[in-house]
Chemist: 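After the structure tokens below, expect a handful of questions from me.
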Amino acid sequence: MNASKVRKIFLNFFKDKGHKIYRSAPMVVKNDPTLMFTNAGMNQFKDIFLDNTTPSHLRVVNSQKCLRVSGKHNDLDEVGHDTYHHTMFEMLGNWSFGDYFKKEAIAWAWELLTEIYGIEKDRLYVTVFEGSPEEGLEADHEAYDLWKPFVPEERILFGSKKDNFWEMGDTGPCGPCSEIHVDIRDDKARKTIDGASLVNKDHPLVIEIWNLVFIAFNRLSDGKLKNLPARHVDTGMGFERLCMVLQNKQSNYDTDVFRPYIEKLQLLSGIVYGDNPDADVSMRVVADHLRAVSFAIADGELPSNNKAGYVIRRILRRAIRYGYTFLGFREPFVNLLVEDLVTQMGEAFPELRAQQDLIMKVIAEEEHTFLRTLSVGIQKFEQYIAAQPDKKTIPGDFAFELFDTYGFPVDLTTLMAKEKGWNIDLKGFEAGMAGQKERSRAAAVIDAADWVELKKRGDDTVFLGYEKLEAEVSVVKYRKVDAKGKTLYQVVLDQTPFYAESGGQVGDRGFLTNNGERYPVVDTRKENNLSIHIMPKIPDAISGTFTAVVDQTKRLLTENNHTATHLLHAALKTVLGSHVQQKGSLVDDQRLRFDFSHFGKMTDEEILAVERLVNEKIRENITLEEHRELSMEEAEQMGATALFGEKYGEKVRVVAFDNAFSSELCGGTHVKATGQIGLFAIVSESAIAAGIRRVEAVTGRAAEEFVQSKIDELHSIKELLKHPKDSIKTLSQVLELNESMKKELAAMQQRQLQQMVDHLASNVESIHGVNYIGTRVSMDAKAAKDLAFKLKGKVDNLFLVIAHESEGKPGITIMIAENLVEQKGLHAGNLVRSLATHIKGGGGGQPFFASAGGSDADGLDKVLTESKKLIS
RNA sequence: GGGGAAUUAGCUCAGUUGGCUAGAGCGUUUGGCUGGCAGCCAAAAGGUCACCGGUUCGAGCCCGGUAUUCUCCA
């Protein structure tokens, strides 16, 4: 049974039991500060569990792409070393939102596994929660009794809080769970050791495949559990493990989910899978990470140096590192596997196929960068070794520096040290690492109190901001958040005219008011589906009604830019081609920024063409065409552009300006008609990553100012040139003239200097075989230095003292021929220091050349007479 | 968000406690050697030492700030 059939059967089984099939949400999470990536199938339903939103279907089934690399579920270091941990995986799940509970969940799970998928019943074990006295929770006898009709009691096991009480995070929905484990050892092994003793013991062949979670509580920030009003079922079955079981393999990597990449790696490296444990681990690492990174890029998350992008980079670099060390790759290779990934998964996940080129380019670029990082690190390492031939231990702080500053992996340092017969102080390294983490953690402390609920909420906050900028509102709940010594309040309203930051458009600002008091709203953010108003202070009488007023100027300017962004997007597609995909955008009241996939730099002509097209559309004064409450299918039929990596709800909104030109799925606010934008001007075009370009632009007043500043600039230039007929010609003549005059002047100065050199050289005083020159001149220290070096090349046995003065500042420059320095033990630096006392200054230098500066020019003559005495 | 580092010729990089009028290799140009190419020899061009300010007799080097890039952590 191949992988795609396994997936289809699962979805259809639950569809037949009244479940609605949902698409996988993007793997990269936006609008949730607690989560960077989808790490469980339940993420996209979080708001339902938290009772922030009402589900539109009570029974749902899906296959969700997940990534587990950081936070509570951190499997990254395990991946590759065993045969069943993954960074990216698919989670098959069926869901009940306040509908069915344990009975159905258990019965259906059993039916699907044994009767549909045909897993032998005597290979299955189930676990139920044993209870926890300190939480005040009893054992889950209910689940136990429900399993009894299907499973002999010796294969129903009680499990601890760690294994059988599921929690989303430190706070949030949670509840007891019941796991199904499968024993896929051969018959002989099964007879020798009872499978029941291996459950939850990290045995690679006795594994959990399905977790049925019965959500009944909410964990508060003080650690207490609160009963939820509605109980839910949340199940998760590891797709890759299921495939392994159904394909009779003993490793996930032997299934058709991973095998194609292993095959390709064998071809590329010339190493056979199974021959060498290190190489095997490496191939598994690469096969796994390839999937994680490619899906993330398809969702719009590029490798970068912070946040989610950094996690992606770390995963990719781990793959490169294993390939480099154990598979012998010295050139980019991960990107070569992307085509195999697309072949394997492109059908179930069309975003991969659509963005294959981009994924390859981005990975290849990152591979180049990292291979370079490695070679810099190797160089630093070699230099260190060469500089400390006596030592035999790499100190921890150096290993940490290599890692922290140069990104050089410590296990490579260890390996290289070993090859040279050196040790490495790993404890010191860990200490450096711990310090680093501590600093970061201390800087990121955010203390959020529990929500204070004033009203039982009915439904989502109603957004009024498409029509109104002012409305009567009341507070539903609020909480206090302390971060970096500042206290802010997060406030949720029953309805609001404030737009919450989303889809690149910044959140609205404004204030709440009642009884003449104003309470500013400094920002509006979105966390999941919740609109959160950020307020520095809240009224004492918070339970009353308020008038919410949006900062209108800021909003209107932002709308100009947002609509212009849509026009820009469409214009780019028209001018550059349909490969243009939005990769990100930022829209505020000042400007707009638009990132998109494109293979090369835009030419000046292309930029101009885009600008012209957008401005044409502005002048056409196209009116906004808005469709709310469309289904995804209807929107697609209208030809609206959807974005990869964007999470869309049940109902979507389409914003069109001339349906044939620009039509996008978008929740943002827009101008009523394009004419309001006035003018559009592109300010810059640049690269931000392999295959991704960024355009920044301004509209309206800002665009006018931008153009005006260019005109002013031109005007000023003309004015400086005295308004010639042809400014360009005149300017180029001026520049030419300047160039030739500079050259002439330099030549003249050289001649002058040469004259001075000749003059001084012919007035040498010979004192005891030393050619003494002492002169007082008007020049600065730099010129004197020049003069000194010129004379040095012309006069042997030179002892030169220049007493110079420029703009009232006196100075001394001394030059002594090298042979005199040696023979007579002279030191210009020491001499100049003593002479400098006459001009009330100080100085120094080398034995043959030195300079000094001072404040009393009257002493310069004294300097010359004294200097002569030095050699006579 | 918090650390660490880098920025010097077209490219890759040296540059010591502040003191040869900033160097190397590669590349470029010119000339020479060889039947031609590959190559070798010789010479030349090429620098606002990222930017702004400070300390100093003197700053590529020290100090402060800015920008960009790399990198680690959250």
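Letters A, B, ... are given to chains in the order of the sequence lines, protein chains preceding strands, and every chain is numbered from 1. Only heavy atoms go into these numbers, but all of them, side chains included; no hydrogens, no water, no symmetry mates.
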Chemist: Looking only at the side chain of T405(A) (C-beta and beyond, no hydrogens), which of the listed nucleotides rA5(B), rC72(B), rA74(B) gets closest?
Modeler: rA5(B)
Chemist: By the 4.0 Å heavy-atom rule, please label R372(A) as base, sugar-phosphate, or nothing.
Modeler: sugar-phosphate
Chemist: Please state how far atom CZ in F370(A) lies from atom P in rU69(B), giving the value in whole angstrom units.
Modeler: 20 Å
Chemist: Is E430(A) salt-bridged to K437(A), going by a charged N under 4.0 Å from an acidic O?
Modeler: no
Chemist: For rU28(B), which nucleotide is its Watson-Crick or G-U wobble mate, given both distances must be under 3.5 Å?
Modeler: rA44(B)
Chemist: Tell me which nucleotide among rC57(B), rU21(B), rA74(B) gets nearest to the side chain of F789(A).
Modeler: rU21(B)
Chemist: Looking at E822(A), I'd like to know if its CD atom is crowded, meaning that more than 12 non-hydrogen atoms belonging to other residues, nucleotides or ligands lie closer than 6.0 Å.
Modeler: no
Chemist: Specify the separation, in whole Å, of atom NZ of K437(A) and atom C1' of rC72(B).
Modeler: 11 Å
Chemist: Rounded to whole angstrom units, what separation is found between the CG atom of L402(A) and the P atom of rA5(B)?
Modeler: 14 Å
Chemist: Go ahead and name the base partner of rU66(B); Watson-Crick or wobble counts if both distances stay under 3.5 Å, otherwise write none.
Modeler: rA50(B)
Chemist: Are more than 12 heavy atoms, taken from residues, nucleotides or ligands other than R525(A), located less than 6.0 Å from that residue's CZ atom?
Modeler: no
Chemist: State the pairing partner of rC61(B); accept Watson-Crick or G-U wobble contacts with both distances under 3.5 Å, and report none otherwise.
Modeler: none
Chemist: When you look at CE of M416(A), are more than 12 heavy atoms from neighbouring residues, nucleotides or ligands closer to it than 6.0 Å?
Modeler: yes
Chemist: Counting only distance, no hydrogens or angles, is the base of rG4(B) paired donor-acceptor with the side chain of E401(A) under 3.5 Å?
Modeler: no
Chemist: For rA42(B) and rA5(B), measure between their P atoms and round to the nearest Å.
Modeler: 42 Å
Chemist: Without decimals, in angstroms, what is the distance between F408(A) CZ and rA6(B) P?
Modeler: 18 Å
Chemist: Quick one: on RNA chain B, does F849(A) or A781(A) contact a more 5' nucleotide (nearest heavy atom)?
Modeler: F849(A)
Chemist: Would you say NZ of K824(A) has more than 12 non-hydrogen atoms from neighbouring residues, nucleotides or ligands within 6.0 angstrom?
Modeler: yes
Chemist: Work out how far the P atom of rA59(B) is from that of rG54(B), and round it to whole angstrom.
Modeler: 12 Å
Chemist: What ring-ring contact (aromatic ring centres under 6.0 Å, His included) pairs are there with at least one residue in residues 807-853 of chain A, not counting sequence neighbours?
Modeler: F789(A)-F849(A)
Chemist: Does T373(A) reach a base, just sugar-phosphate, or nothing at all? Heavy atoms under 4.0 Å.
Modeler: sugar-phosphate
Chemist: Checking N797(A) against N819(A) for the side chain to side chain donor-acceptor pair (under 3.5 Å) test, could you report, in this order, the C-alpha distance in whole Å, the side-chain angles of both residues, the deciding distance, and whether it holds?
Modeler: CA-CA 7 Å; N797(A) 292 329; N819(A) 59 320; 2.6 Å; yes
Chemist: If you measure from the C1' atom in rA22(B) to the same atom in rU16(B), how many Å do you get, rounded?
Modeler: 15 Å
Chemist: Once hydrogens and angles are ignored, does a donor-acceptor distance under 3.5 Å link the base of rU21(B) to the side chain of D786(A)?
Modeler: yes
Chemist: Nearest whole angstrom, please: distance from the P of rC70(B) to the CG of D404(A).
Modeler: 16 Å
Chemist: Look at all strands and tell whether G407(A) reaches a base, only sugar-phosphate, or nothing, counting heavy atoms closer than 4.0 Å.
Modeler: sugar-phosphate
Chemist: Scan G811(A) against the nucleic acid and name what it touches under 4.0 Å (heavy atoms): base, sugar-phosphate only, or nothing.
Modeler: nothing
Chemist: Without decimals, in angstroms, what is the distance between R694(A) CZ and rU68(B) P?
Modeler: 11 Å
Chemist: Considering only atom P, compute the distance from rG25(B) to rU34(B) and round it to an integer number of Å.
Modeler: 26 Å
Chemist: Whole angstrom is fine here: how far is it from NZ in K809(A) over to P in rC57(B)?
Modeler: 8 Å
Chemist: With a 3.5 angstrom cut-off on both distances, give the Watson-Crick or G-U wobble partner of rC20(B), or none if there isn't one.
Modeler: none
Chemist: Would you say R313(A) reaches rU71(B)'s phosphate, i.e. side-chain N/O to OP1/OP2 under 4.0 Å?
Modeler: yes
Chemist: Nearest to the side chain of T369(A), which nucleotide is it out of rU71(B), rA5(B), rG2(B)?
Modeler: rU71(B)
Chemist: Can you tell me how far C1' in rU56(B) sits from the matching atom in rG64(B), rounded to whole Å?
Modeler: 16 Å
Chemist: What interatomic distance, in whole Å, is found between C1' of rU8(B) and the corresponding atom of rC13(B)?
Modeler: 9 Å
Chemist: Indicate, with a heavy-atom threshold strictly under 4.0 Å, whether G841(A) touches base, sugar-phosphate, or nothing.
Modeler: nothing
Chemist: Between rG47(B) and rG1(B), how many Å separate the two C1' atoms, rounded to a whole number?
Modeler: 38 Å
Chemist: Does rA38(B) have a Watson-Crick or wobble partner in any strand here, with both distances under 3.5 angstrom, and which is it?
Modeler: none
Chemist: Of the candidate nucleotides rA74(B), rG3(B), rG19(B), which contains the atom at the shortest distance from the side chain of R314(A)?
Modeler: rA74(B)
Chemist: Classify the side chain of Q846(A) versus the base of rC20(B) as yes if they form a donor-acceptor pair under 3.5 Å and no if they do not.
Modeler: no
Chemist: Consider the side chain of K790(A), meaning its heavy atoms from C-beta on, and name the nucleotide among rA5(B), rU21(B), rG19(B) that approaches it most closely.
Modeler: rU21(B)
Chemist: Rounded to whole angstrom units, what separation is found between the CG atom of L412(A) and the C1' atom of rC72(B)?
Modeler: 16 Å
Chemist: In whole Å, measure the gap between the C1' atoms of rG60(B) and rU48(B) for me.
Modeler: 12 Å
Chemist: If the plane angle is over 60° it's perpendicular, under 30° parallel, otherwise tilted; pick one for F403(A) and F400(A).
Modeler: tilted
Chemist: By nearest atom, which of the nucleotides rC57(B), rA74(B), rG4(B) is closest to the S851(A) side chain?
Modeler: rC57(B)
